[in-house]
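Report on one structure; see the data block that follows.
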Amino acid sequence: MNIRRPRGTEDMTPQNSTGWQHLVDTARRVAGRFGYGEIRTPVLEHRELFVRTVGESTDIVEKEMYSFQDRGGRDLTLRPDATAPAARLYLQENLFAEAQPVKLYYVNWPIFRYERPQAGRLRQHHQFGVECFGSPDPAVDAEIISLALHYLHELGLSDLQVSINSIGCPDCREDYRQTLVGHFRECEGEMCEDCRRRLRKNPLRILDCKRDECQKYLQEAPLMSSFLCDDCAAHFFQLQQYLQVLDVGYQCDSTLVRGLDYYTRTVFEITHPALGAKDVVCGGGRYDGLVEILGGEPTPGVGFGMGLERLLIIVESEDAELPGADQLDAFVVTIGDAAHREAVSLLKSLREGKISCDMDYLDRSVRAQMRYADKYPARFVLMLGDDELQSGQITVRNMQTGQQCMVDIDSVAEYLAEKTSSACG
RNA sequence: GUGGCUGUAGCUCAGGCGGUUAGAGCGCUAGGUUGUGGCCCUAGAGGUCGGGGGUUCGAGUCCCCUCAGCCACCCCA
């Protein structure tokens, strides 16, 4: 085995695909219940899309993008973020001309970031997310957080922590940023290396530094909440009222800062203890300037992204119920060449009757075929040999009870259709 | 990008201080019943000991490099 999958990527096999399908199906159902419609965009986008929206100086753009030139000399990038492509779609597909607001969701979107893999962090991961364009109403922010929780609860999860914060609009955030830089500049020499770098690059990030040497300066640091302009403060206040109406338990975290440039006002995260250091399963917020950055009219927006691989870690840690492997309705065991030929046509009619079925293709003994059927697992085994070919009646064995009976070959599809539908309830 | 730990069969792992043809359990295949699964019994297949280089009479074992996995930092879902 020479060629292996690239670092930080995962394969999916039939053994774990049913769990994944459950996550995806549930996401579609819940998003639909909230009035969101599904979108899809290419995995490839122009590099410029992310440079302009996510931000030139962010880690994502600076060192985590899979970018290359195609044969026509275009600078393309494997999407490292889903919100920017969604905004691009909103503009390009003229969704601004439809009835507003426009509520969109996506599931199973591959996202690429060139990072060092660790627990819950991959170079290719997959996201479920929603985006609502066109309304500044804090009730939408609340709805989106509530949607995420509905989804997580529907998967049977608990032990989730919702954290929210407001990072203000560009105006009040800039005031705050300058004050913060002024505050930390005095003690810059005492702070850790990372924070000295953050001071130049993204001062708000200093607030969630965990190093002891920085803690005392953090205590004295001014808080964003006292810098919010009247409109932003009112928006944040109303968001919290709506969350209470929706029975969403949350905590305000003034150190919560999202790393992407397009965020305004509301930012939030949902975390779970099973995830280790990378404990965020869902992150999102408001991006009122995003569409305008891409050349559209000023358009408010809110959304979140949820990491499906991380979600699966949580689901497994909580032993939440996942559907088991799909059963096969019928396995046809054949004895002899004539039966083998007859089985091929029997499968055809069973499948036309919506019965899932299979047969032996390795010329195996009856015993080996039975073992194979058992492992599938198959609900029924149909025994087809010389006796059955002569009588026109096939032996039907219920693999759970071990009971057998004879059924006319011509009517076995209907017989199984009835048996298997009642078995599933 | 930085640091720590780990790579032996498909999977989980044994292999004293370097010493002959590298083992177990599970899984897989076949048989035990020439037409009947699960449990049990028997047998078999499957390994360039992650890869490359070095030390040595001799390397799965020691050294270096590299790749990969896990974990943490940075940062993010």
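Naming convention: chains lettered A, B, ... in sequence-line order (proteins, then strands); numbering from 1 in each chain.
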Spacing of [X] atom [atom1] relative to [N] atom [atom2], expressed in whole Å:
X       : N      : atom1 : atom2 : value
R116(A) : G69(B) : CZ    : C1'   : 11 Å
Y376(A) : U36(B) : OH    : C1'   : 18 Å
R364(A) : U36(B) : CZ    : P     : 16 Å
M406(A) : G35(B) : CE    : C1'   : 12 Å
F268(A) : A77(B) : CZ    : C1'   : 12 Å
R258(A) : C74(B) : CZ    : P     : 15 Å
R197(A) : G1(B)  : CZ    : C1'   : 10 Å
Q369(A) : U34(B) : CD    : P     : 15 Å

Is the distance from OP1 or OP2 of [N] to the nearest side-chain N or O of [X] less than 4.0 Å?
X       : N      : value
Q118(A) : C70(B) : no
R198(A) : C74(B) : yes
S365(A) : G31(B) : yes
K375(A) : G27(B) : no

Is the positively charged end of [X] above the ring of [Y], judged by distance under 6.0 angstrom from the centroid and angle within 45° of the axis?
X       : Y       : result
R397(A) : F380(A) : no
R79(A)  : W109(A) : yes
R286(A) : Y263(A) : no

query: Does R371(A) make a side-chain donor-acceptor contact with the base of G38(B), cut-off 3.5 Å?
result: no
query: Could a donor-acceptor pair under 3.5 angstrom be found where the side chain of Q404(A) meets the base of G35(B)?
result: no
In terms of side-chain heavy atoms of [X], which of [options] is nearest?
X       : options                : value
M383(A) : G35(B), C70(B), G37(B) : G35(B)
D387(A) : A77(B), U36(B), G35(B) : G35(B)
D194(A) : G35(B), C74(B), A30(B) : C74(B)
M399(A) : G37(B), U36(B), A77(B) : G37(B)
R7(A)   : A77(B), A68(B), G1(B)  : A68(B)

Pairs of donor and acceptor atoms involving the side chains of residues 182-189 of chain A, under 3.5 Å and at least two apart or interchain, shall be tabulated with distances.
unit_1, atom_1, unit_2, atom_2, d
H183(A), NE2, Y217(A), O, 3.1

In whole Å, what separates the [atom1] atom of [N] from that of [M]?
N      : M      : atom1 : value
U61(B) : G38(B) : C1'   : 43 Å
A9(B)  : C28(B) : C1'   : 12 Å
C49(B) : A22(B) : C1'   : 8 Å
C63(B) : G19(B) : P     : 15 Å
G37(B) : G31(B) : P     : 12 Å
G47(B) : C40(B) : C1'   : 29 Å
U12(B) : G16(B) : C1'   : 23 Å
C41(B) : G51(B) : P     : 35 Å

query: Under the salt bridge (Lys or Arg N to Asp or Glu O under 4.0 Å) criterion, do D194(A) and R197(A) qualify, and how do the steps go?
result: CA-CA 5 Å; D194(A) 286 332; R197(A) 185 172 47 76; 3.3 Å; yes
Over all strands shown, is [X] touching base, sugar-phosphate only, or nothing at heavy-atom distances under 4.0 angstrom?
X       : value
A119(A) : sugar-phosphate
G129(A) : nothing
E193(A) : nothing
G284(A) : nothing

- prompt: Which sits closer to the 5' end of RNA chain B, M370(A) or L122(A), going by the nucleotide each is nearest to?
  reply: M370(A)
- prompt: For RNA chain B, whose closest nucleotide is more 5', that of I335(A) or that of D279(A)?
  reply: I335(A)
5'-to-3' dot-bracket of RNA chain B (Watson-Crick, G-U; under 3.5 angstrom; crossing pairs as [ ]; | other strand): (((((((..((((.....[...)))).(((((.......))))).....(((((..]....))))))))))))....
message: Given S166(A), which partner from the list T266(A), D141(A), V267(A), L228(A) fulfils the side chain to side chain contact (heavy atoms under 4.5 Å, CB included) test?
response: L228(A)
- line: Tested for side chain to side chain contact (heavy atoms under 4.5 Å, CB included) against R364(A), the lone hit among Q369(A), M370(A), R371(A) is Q369(A)
- prompt: When you check the glycosidic angle of G16(B), does it come out syn, meaning within 90° of 0, or anti?
  reply: syn
- line: Between the CG atom in L308(A) and the CG atom in L23(A), the distance rounded to the nearest 0.5 Å is 6.0 Å
message: Can you confirm if the aromatic rings of Y105(A) and F34(A) lie within a centre distance of less than 6.0 Å?
response: no
query: Would a line drawn from the ring center of Y250(A) to the ring center of F268(A) be shorter than 6.0 Å?
result: no
